[in-house]
Trainee: 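Let me begin by handing over the structure; questions about it come next.
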Amino acid sequence: MAKIDGDAVFADGHTLDQTLDDAGSGAEVVIAPGATVLVQGNGSDLYGIGDGGGLPADISGYKAGPPAADEVILRVPVARRIRLKTDLAGSHASAEAAATAAADFDIRVDGVSTATMRFAAAATSATFIAASEALLEPGQVLSVVAPSTPDATLAGIGFTLAGSLVL
């Protein structure tokens, strides 16, 4: 493993011709052999952005009014590699009008269910359920599908699925 802690070193052990000064309190940046990591500095600390953390690649959508049964409320062909974390950590959803009963929206990659956006009864915000991370490759299609039996009161649904760019 190569580390950036004062001096930068490539994963193969070759050093850069210049020094990256990291006198701040940020965490050490560790680059696994073969990994591609962008290093960002904020003036005092260095941070690794890439496979481990990633630049934000959020995907947002909005459905005015109540959705119809099995309505596709989002369909996005992905242009870059994007990682969605377990339970879509960092994602948020809200509704202008609360659900009367629980409503589960299916989040799919190329038609295969990978996660759930759940509005509990009387809730205007959702929770997300995903057993594992999902890695979306360029060309794959991410979609969000309304429940087969829609809730008559749940309406005005806005959401952001928190993803990260994978270099």
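As the structure is a computational prediction, the values presented were derived from the model and not from experiment.
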Trainee: Is there a path of hydrophobic side-chain contacts, each under 4.5 Å between heavy atoms, that joins Leu88 and Leu74?
Mentor: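 Yes, Leu88 connects to Leu74 through the hydrophobic network.
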
Trainee: Can a donor-acceptor pair be found, under 3.5 Å and without considering hydrogens, that links the side chain of Asp58 to the backbone of Gly163?
Mentor: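 Such a contact is found between Asp58 side chain and Gly163 backbone.
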
Trainee: Is there a path of hydrophobic side-chain contacts, each under 4.5 Å between heavy atoms, that joins Val166 and Leu84?
Mentor: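 Unlinked, Val166 and Leu84 end up in two clusters.
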
Trainee: Are any of the side-chain heavy atoms of Asp70 and Ser148 separated by less than 4.5 Å?
Mentor: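 Yes, side chains in contact.
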
Trainee: Step by step, work out the side chain to side chain contact (heavy atoms under 4.5 Å, CB included) result for Ile59 and Leu142.
Mentor: CA-CA 9 Å; Ile59 300 169; Leu142 176 72; 3.4 Å; yes

Trainee: Measure across Ala89 and Ala162 and return the closest heavy-atom pair with its distance rounded to 0.1 Å.
Mentor: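 Taking Ala89 first and Ala162 second, the nearest heavy atoms are O-CB, 3.6 Å.
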
Trainee: Looking at every heavy atom in both Ala155 and Pro66, which two are closest together, and how far apart are they?
Mentor: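 It is CB-N, 3.6 Å.
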
Trainee: In the single-linkage hydrophobic clustering (I, L, V, M, F, W, Y; side-chain heavy atoms under 4.5 Å), do Val76 and Phe159 co-cluster?
Mentor: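 Cluster IDs for Val76 and Phe159 match.
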
Trainee: Side chains of residues 94-102: which donor-acceptor pairs under 3.5 Å do they make with residues two or more places apart or in other chains?
Mentor:
from   : atom 1 : to     : atom 2 : distance (Å)
Glu96  : OE2    : Tyr62  : OH     : 3.0
Thr100 : OG1    : Thr153 : OG1    : 2.8

Trainee: What pair of heavy atoms forms the shortest contact from His92 to Gly90, and how long is it?
Mentor: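 Looking at all heavy atoms of both residues, the closest pair is CD2-O, 3.2 Å.
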
Trainee: Where is the tightest heavy-atom contact between Pro147 and Ala103, given as atom of each residue plus distance?
Mentor: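 Smallest heavy-atom distance, with atoms named: CG-CB, 4.1 Å.
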
Trainee: When the side chains of residues 117-132 are checked against the rest of the protein, which donor-acceptor pairs come out under 3.5 Å, sequence neighbours left out?
Mentor:
from   : atom 1 : to     : atom 2 : distance (Å)
Arg118 : NE     : Asp104 : OD1    : 2.7
Arg118 : NE     : Asp104 : OD2    : 3.4
Arg118 : NH2    : Asp104 : OD2    : 2.9

Trainee: Enter the distance from Ile73:CD1 to Ser143:OG here, rounded to the nearest 0.5 Å.
Mentor: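 Spacing of CD1 (Ile73) from OG (Ser143) equals 10.0 Å.
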
Trainee: Rounded to the nearest 0.5 Å, what separation is found between the NZ atom of Lys85 and the OG atom of Ser91?
Mentor: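 Result: 10.0 Å between the selected atoms.
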
Trainee: Below 4.5 Å, heavy atoms only, C-beta onward: do Leu165 and Pro56 meet side chain to side chain?
Mentor: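 No, their side chains stay 4.5 Å or more apart.
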
Trainee: Salt bridge or not between Glu133 and Arg83? Use side-chain N to carboxylate O under 4.0 Å.
Mentor: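 Salt bridge flag = yes for Arg83 with Glu133.
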
Trainee: Got a sec, which residues hit side-chain contact (heavy atoms from CB on, under 4.5 Å) with Gln140, two or more places apart in sequence or on another chain?
Mentor: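 Applying side-chain contact (heavy atoms from CB on, under 4.5 Å) to Gln140 gives Val109, Asp110, Leu136, Glu137.
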
Trainee: Less than 4.5 Å apart, any side-chain heavy atom of Glu71 and any of Val145?
Mentor: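 No; the side chains remain at least 4.5 Å from each other.
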
Trainee: Give a yes or no on whether the backbone of Ile107 and the side-chain of Thr114 come within a donor-acceptor separation of less than 3.5 Å.
Mentor: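 Side chain of Thr114 to backbone of Ile107, a donor-acceptor pair under 3.5 Å: yes, one is there.
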
Trainee: Is Ser113 reaching over with its side chain to a backbone N or O of Arg108, donor-acceptor style, under 3.5 angstrom?
Mentor: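 Pair absent, no side-chain N/O of Ser113 close to backbone of Arg108.
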
Trainee: Could you tell me the separation between the CD1 atom of Ile82 and the CG atom of Leu55, rounded to the nearest 0.5 Å?
Mentor: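 These two atoms lie 11.5 Å from each other.
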
